[in-house]
Amino acid sequence: MTMRELTALAMPSPDRATDHTTVPQVHALNILRALYRDTRLGENIVPFVSEGMQAAVLGFTSPVWAVRNSSTLLFSSLITRIFGVKKGKDEHSKKNRMTGREFFTRFPALYPFLLNQLEEAAASVESESGQVILHPSLFLLLLVLGRLFPSPMDGSSSPLGLAPFMPFIIRCGRSAVYRTREMAARALVPFVMVTQVPSTIQTLLDELPLEPAPKCQQNHIHGTLLQVLFLLRSYQTDTHRPQTAGSDIGKALRPRMWLASRHNPCLVTRGAFLDVLGAVCGALDAPVGDTQLKELRDETLALLLTSDLVTPGGPSSGQGGPPGTTQYLLSLAHLALSASVESPQLWGMEEEDGGSARGAVLLGHLLQCTHYEVRELALGETLRRLERDGEAGRVPSWPPDTIVSTLTTLVLHETHPQALAKLLQVLSILSLHSDLRWGDGVQTLTQAEVLERVVSLAECSVHSVELHCAALTLGSRLVVQLAQSNPQGVSAVACVGRWGALVSQCCSEEQNTEVKMVAAEVLVSATPTLLTSSNPPLGVSLTVCLWRGLFTLLQDEEQEVRDRAATFICSLPAHLVNTDVPCVSLCPPVALETGVGLLCRLFQLWRQVPTGILTLIEWLLGDCNGEQQMASAGSPSLDEEDFLFEKGDLNLWAEPVQWVRLLHKHLGVLFQDPGLKALKQNQAELLRLSAQAEALHLATQQGLKGLPALPQFSCTIEHAKLTLQQERATLAMDILDNLRQAGESTATSVKC
């Protein structure tokens with residue numbers, strides 16, 4: 001009874017809208033929205049969905065803004081109630097859809113209602129005078145119908161057949177509003193059975209003019225092309241479709257190729273026709289010997305080579321242009337990339353003698369286009385092609401030298417962040433197989449100069465994760481190549497130190513997962529050349545800094561980061577591999593212990609045992625200044641800058657106590673090296689570290705005394721931090737005492 005009363009109030013009044021009718025209507029619409037959203041009612045509210053949908057759709061015809069606003073909110077709640085909560089970012093995903101048969105079976109009252117409303121909307125799409133008349137409820141109708149998809153049972157006899165909707169949806173595609181034409185094209189797909197798609201496409205194409213005429217209706221042409229395009233895409237993804245009817249469609253398209261040429265003054269319809277050509281010509285399941293498709297592809301290639309993409313003076317010659325320029329150029333780019341990069345075998349670009357040259361011409365013009373959207377699209381497809389070739393293990397014979405030269409020139413002039421990020425990723429892959437020549441014909445750059453530019457990009461693009469990671473990866477490739485070509489001179493390059501600092505910064509705990517994964521990839525690839533070389537090309541200090549970053553990643557909270565960093569074991573050179581242990585990827589804790597032991601062996605190999613001991617002691621002590629201040633405070637209360645429930649630098653995976661004990665264990669190994677005698681020259685450093693350890697030990701003791709009773713239960717976090725600091729200080733003091741005793745015994749033996 002309540003739902004009937006509310007629905008009756010929510011319906012528009014037959015009388016003229018007044019305050020006496022609109023105020024109750026607004027309240028009723030809002031109450032209905034709350035009821036449909038209430039999960040406690042569950043399925044009990046479903047029988048009233050049809051009436052609520054009718055109230056929401058009819059509410060859009062009201063001249064009162066409050067009624068239209070409440071109807072919008074009610075419609076949104078009903079869409080969620082019918083199709084479920086949105087499960088992704090894609091508005092057109094199939095996860096939140098329903099077959100037309102199921103929809104009208106569950107809500108049969110909506111069948112005649114939606115059909116009548118759609119008929120009214122289609123009749124008012126365009127008036128006789130040519131003025132745009134948009135039916136108030138048209139968008140709602142197309143939104144609902146666009147969320148349906150075909151059912152295998154649609155061909156059976158049913159009183160709720162979808163065929164009566166088709167003529168009205170097709171007529172809505174003639175609207176002068178772009179969004180309406182697009183929504184009508186999406187809504188048409190579920191109303192055409194898969195067996196009727198080829199004939200429906202043929203009927204739609206027959207409506208297109210065969211030659212330009214002064215009174216061509218571009219809106220009608222565009223709406224028809226969009227409907228053909230969406231039907232083609234749905235048909236090609238359907239696994240239960242009959243044999244592809246590309247030959248008949250190609251036969252209907254060829255007489256209308258003028259729509260994609262300069263004879264058509266509208267760039268929007270040009271782009272739509274190019275999209276249709278791409279869907280037909282780029283179909284991978286098309287018969288190989290189809291002569292109609294082959295002739296259509298040949299005509300399309302000829303059209304591409306004479307289009308505004310290649311011939312100067314068109315819209316692509318400048319940043320401006322008439323409406324639809326960017327959309328048209330992107331359609332041209334999609335078609336050109338299909339022929340030159342994505343599937344050139346379909347277009348005969350790999351079989352003919354000049355096929356690869358034509359493909360290089362098309363790709364080169366895409367990369368040099370003045371519109372960054374086109375360059376970004378071309379670089380993205382080039383990157384995917386290189387990644388596919390790498391996964392398949394193919395010999396890198398693509399792209400040709402002319403394209404590589406264009407890419408190395410583009411890196412000096414590209415300014416758009418997204419396009420530049422993809423460009424750097426492409427160059428990172430290409431630099432793995434050959435040394436690139438950097439220059440633009442006017443200036444030629446050395447690898448060191450290119451590295452300077454790349455490092456500057458990485459420093460300036462901290463807030464653009466994609467560009468930052470791409471610059472870091474390419475920088476690592478260049479550093480490795482410099483180290484291989486000139487091991488003694490790479491450390492003299494000024495920007496190498498900045499590159500190392502960037503890599504270390506990317507290993508820190510506060511970085512996001514993508515950045516840390518790139519840092520792990522960089523360190524693993526640099527392991528044989530930079531980290532484990534018998535003569536460290538970057539110098540001992542920077543090499544040790546990179547090792548510290550690798551150890552940080554091995555203790556990271558993210559599983560994928562730890563696993564990727566642990567693969568450095570597989571990149572070790574032969575002279576450092578333990579023959580008793582197979583050279584396979586280890587679990588992160590074992591890889592961490594192996595890595596620390598390996599670093600100690602490298603200190604001995606480099607004859608830098610004193611430096612290694614001092615470095616490990618500093619790691620053992622950690623950040624003494626900050627920890628000493630915290631320990632001296634010793635108060636479990638929150639500071640002014642702390643907030644309750646705020647997520648701090650929390651790492652639930654790392655075991656800091658085990659880490660400091662691991663360092664202590666391997667420091668004992670270094671004590672047995674003969675090079676320990678050289679530590680006498682670092683007495684000032686030893687005294688400084690001793691003072692830090694004693695100060696930390698004293699501050700920790702005071703902090704522990706200041707805690708309340710049973711601190712492991714009452715102040716768990718503070719007690720754990722102080723206990724860790726006490727462990728650090730105790731182990732550091734033990735190491736320093738052993739060093740002092742070793743020095744005294746050495747001095748006594750010398751006197752004797």
### Query
Thinking salt bridges, do E558 and K516 make one under a 4.0 Å N-O criterion?
no
#### Entry: Pairwise side-chain contact, L410 with L420, heavy-atom cut-off 4.5 Å (strictly under)
no
### Message
If I take atom OG1 from residue T382 and atom CG from residue L407, how far apart are they, to the nearest 0.5 angstrom?
### Response
6.5 Å
### Query
Mind checking whether S431 and L474 have side chains closer than 4.5 Å, heavy atoms only?
yes
### Query
Stepwise, does the side chain to side chain contact (heavy atoms under 4.5 Å, CB included) test hold for T529 with Q484?
CA-CA 7 Å; T529 307; Q484 292 173 342; 3.8 Å; yes
### Message
For a 4.5 angstrom cut-off between non-hydrogen side-chain atoms, does I735 reach H664?
### Response
yes
### Message
Is it true that T552 and R548 share a donor-acceptor pair across their side chains at a distance under 3.5 Å?
### Response
yes
### Task
Examine distances only and state if a side-chain atom of T532 and a backbone atom of T527 form a donor-acceptor pair shorter than 3.5 Å.
yes
### Query
Counting distance only, does the side-chain N/O of W606 pair as donor-acceptor with the main-chain N or O of S533 below 3.5 Å?
yes
### Message
Are Y372 and T415 packed together at the side-chain level, in the sense that at least one heavy-atom pair is separated by less than 4.5 angstrom?
### Response
no
### Check: L482 main-chain N/O paired with N486 side-chain donor or acceptor under 3.5 Å
no
### Query
Taking all non-hydrogen atoms of both residues, which atom of C495 and which atom of V455 are closest, and how far apart?
O-CG2, 4.2 Å
### Summary
Exactly one of L379, L467, T473 clears side-chain contact (heavy atoms from CB on, under 4.5 Å) with L424, and that residue is L467
### Residues, nucleotides or ligands: over 12 heavy atoms within 6.0 Å of H463 NE2
no
### Query
Looking only at heavy atoms, which two atoms of L530 and V479 are closest? And how far apart?
CD1-CG1, 3.8 Å
### Query
Any side-chain heavy atom of R661 within less than 4.5 Å of one from Q658?
yes
### Query
From I613 CD1 over to F603 CZ, what is the distance, rounded to the nearest 0.5 angstrom?
9.5 Å
#### Entry: Check: E593 and H666 side chains under 4.5 Å, non-hydrogen atoms
yes
### Task
Determine, step by step, whether F568 and L554 satisfy the side chain to side chain contact (heavy atoms under 4.5 Å, CB included) criterion, reporting the C-alpha distance in whole Å, the side-chain angles of both residues, the deciding distance to 0.1 Å, and the verdict.
CA-CA 10 Å; F568 83 95; L554 286 169; 4.1 Å; yes
### Task
Please say whether more than 12 non-hydrogen atoms of neighbouring residues, nucleotides or ligands are located less than 6.0 Å from CZ in R688.
yes
### Task
Would you sort out whether E618 and L689 count as a side chain to side chain contact (heavy atoms under 4.5 Å, CB included), showing the intermediate values?
CA-CA 8 Å; E618 289 182 351; L689 294 174; 3.8 Å; yes
### Task
Using a 4.5 Å cut-off on heavy atoms from C-beta on, say whether the side chain of C507 contacts that of L523.
yes
### Task
Of all the heavy-atom pairs spanning A729 and A693, show the shortest one and how long it is.
CB-O, 3.8 Å
### Message
Using 0.5 Å steps for rounding, measure from the NZ atom of K422 to the CG atom of L383.
### Response
8.0 Å
### Qualifying side-chain hydrogen bond (donor to acceptor under 3.5 Å, both in side chains) pairs, either residue in residues 446-461, two or more places apart
Q447-Q481, E452-R498, S456-R498, E459-R498
### Query
Side chain of R564, backbone of M517: donor and acceptor closer than 3.5 Å?
no
### Task
Mind running side chain to side chain contact (heavy atoms under 4.5 Å, CB included) on Q604 and L670 for me, showing each step along the way?
CA-CA 8 Å; Q604 296 172 342; L670 289 179; 4.0 Å; yes
### Task
Give me the ring orientation class for F551 and W619: parallel if the planes are under 30° apart, tilted from 30 to 60°, perpendicular past 60°.
perpendicular
#### Entry: Closest non-hydrogen atom pair, P399 against L386
CD-CD2, 4.0 Å
### Query
So, R384 and E381, do they make that salt bridge, N to O below 4.0 Å?
yes
#### Entry: Exam field: side chain S504 to backbone L546, donor-acceptor pair closer than 3.5 Å
no
### Task
Can you measure from NE2 (H416) to CG (L423) and round to the nearest 0.5 angstrom?
13.0 Å
### Query
Which atom pair, heavy atoms only, marks the closest approach of L621 to A732?
CD2-CB, 3.4 Å
### Message
How long is the straight-line distance from CD of Q511 back to CG of D556, given to the nearest 0.5 Å?
### Response
10.5 Å
## Note on the structure
Here the gap from R385 atom CZ to L363 atom CG, rounded to the nearest 0.5 Å, amounts to 10.0 Å
### Query
Does H468 reach the side chain of L502, with side-chain heavy atoms less than 4.5 Å apart?
yes
### Message
When you compare the side chains of Q559 and R562, does any donor N or O come within less than 3.5 Å of an acceptor on the partner?
### Response
yes
### Task
Heavy atoms only: give me the nearest V411-T408 pair and the separation to one decimal.
CG1-O, 3.1 Å
